[in-house]
J.: 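Pasting in a structure now, in structure tokens, and then I'll have a few things to ask.
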Amino acid sequence: MYLKLSKDLIVTLQSEAYGEASFRSAYYVSTGVKKRKAKALWQLEIQTKSRVLDYFEYNQLPIPDLKMAAIKGSFLGLIFPIFPWRLVMKIILKETEMFLDVFQRLEAQAPKQDKPFFKYLVDHEIAIRRFAELELENSPEQALQAVTCLLSHDEGDSE
């Protein structure tokens, strides 16, 4: 038995479209180290969005419209080079807080066969949050570790 289409599942897919657009925009308007960091975050969002779309397809769930989420995300990404970096990291923490709650709720409700997928979603959001926390703690050399760890796992890996 699979999770039926719910508001939380729709939010999940929209969040990935939002994140992908945010970090894509940030990548194109940033330079140097910030550009490299935005690219890693963008790649993680692409990977996760692909997995969410696969989940929707496998479960024959209708794909919601993602245009507004992508537009909002694109505008958010434009602030990366404009606003102070600490403020950008605080915005990332705030933006991911709600999504983490949604992903944890889905993981708790998921049937056994779907648990690894939803655990990955939780790990994904924790990795982005950890990035922002480490940036705020002035540990930028370690900030992308959790992100690159998730990126380095094969498609079938969920641990």
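All values below come from the heavy atoms of this structure, side chains included, with hydrogens, waters and symmetry mates left out.
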J.: Please round to the nearest 0.5 Å and tell me the distance separating atom NE2 of H124 and atom CG of L100.
T.: 10.0 Å
J.: Could you tell me the separation between the CG atom of L61 and the CG atom of L53, rounded to the nearest 0.5 Å?
T.: 11.0 Å
J.: Check whether I63 and L121 end up in the same hydrophobic cluster, where Ile, Leu, Val, Met, Phe, Trp and Tyr are linked by side-chain heavy atoms less than 4.5 Å apart.
T.: yes
J.: Indicate the atoms forming the closest heavy-atom contact of D65 with Q14, along with that distance.
T.: O-NE2, 3.9 Å
J.: Do side-chain atoms of K115 reach the backbone of E107 as a donor and acceptor pair under 3.5 angstrom?
T.: yes
J.: Please determine whether side-chain contact (heavy atoms from CB on, under 4.5 Å) holds for the pair F117 and V52, giving the CA-CA distance in whole Å, both sets of side-chain angles, and the decisive distance to 0.1 Å.
T.: CA-CA 9 Å; F117 168 71; V52 174; 4.0 Å; yes
J.: With a 4.5 Å heavy-atom cut-off, do L134 and Q145 have their side chains touching?
T.: no
J.: Rounded to the nearest 0.5 Å, what's the gap from CZ on R129 to CZ on F99? Could you check?
T.: 11.5 Å
J.: Looking at CD of Q142 and CD of E137, how far apart are the two atoms once the value is rounded to the nearest 0.5 Å?
T.: 9.0 Å
J.: Ignoring hydrogens and geometry beyond distance, is a side-chain donor-acceptor pair present between Q47 and Y120 at under 3.5 Å?
T.: yes
J.: Would you check if the side chain of T96 reaches a backbone N or O of L93 as a donor-acceptor pair within less than 3.5 Å?
T.: yes
J.: Please evaluate residues I91 and I79 with respect to the criterion side-chain contact (heavy atoms from CB on, under 4.5 Å), reporting the C-alpha separation (whole Å), side-chain torsions for both, the decisive distance (0.1 Å), and the verdict.
T.: CA-CA 10 Å; I91 291 169; I79 71 166; 3.6 Å; yes
J.: Is D123 paired with K119 through a side-chain N to carboxylate O contact shorter than 4.0 Å?
T.: yes
J.: Using 0.5 Å steps for rounding, measure from the CG atom of L44 to the CD atom of E125.
T.: 9.0 Å
J.: F118 vs Y55 aromatic rings, parallel, tilted or perpendicular, using cut-offs 30° and 60°?
T.: perpendicular
J.: Can you name the nearest heavy-atom pair linking D114 to A110, along with the distance?
T.: CB-CB, 4.1 Å
J.: Test of understanding: clusters of I, L, V, M, F, W, Y form through side-chain heavy atoms closer than 4.5 Å, transitively. Do M98 and I128 belong to the same one?
T.: yes
J.: Where do A40 and L151 come nearest, in terms of heavy atoms and distance?
T.: O-CD1, 3.6 Å
J.: Is there a path of hydrophobic side-chain contacts, each under 4.5 Å between heavy atoms of I, L, V, M, F, W or Y residues, that connects W85 with L78?
T.: no
J.: Where the side chain of S50 meets the backbone of I46, is there a donor-acceptor pair that is under 3.5 Å apart?
T.: no
J.: Heavy-atom count check: over 12 atoms from other residues, nucleotides or ligands less than 6.0 Å from K34 NZ?
T.: yes
J.: How many angstroms lie between OG1 in T31 and CZ in F80, if you round to the nearest 0.5 Å?
T.: 13.0 Å
J.: So F131 and M89, side-chain contact (heavy atoms from CB on, under 4.5 Å) or not? Walk me through it.
T.: CA-CA 8 Å; F131 163 78; M89 294 305 104; 3.6 Å; yes
J.: Give a yes or no on whether L76 and M68 share a hydrophobic cluster (residues Ile, Leu, Val, Met, Phe, Trp, Tyr; joining criterion: side-chain heavy atoms under 4.5 Å apart).
T.: no
J.: Does E141 CD have over 12 foreign heavy atoms under 6.0 Å away?
T.: yes
J.: So if you build clusters from Ile, Leu, Val, Met, Phe, Trp, Tyr with side-chain heavy-atom gaps below 4.5 Å, do F23 and F83 land together?
T.: yes
J.: Donor-acceptor check, side chain of S30 to backbone of K35, threshold 3.5 angstrom: yes or no?
T.: no
J.: I'd like to know if the side chain of S152 and the backbone of C149 have a donor-acceptor N/O pair within less than 3.5 Å.
T.: yes
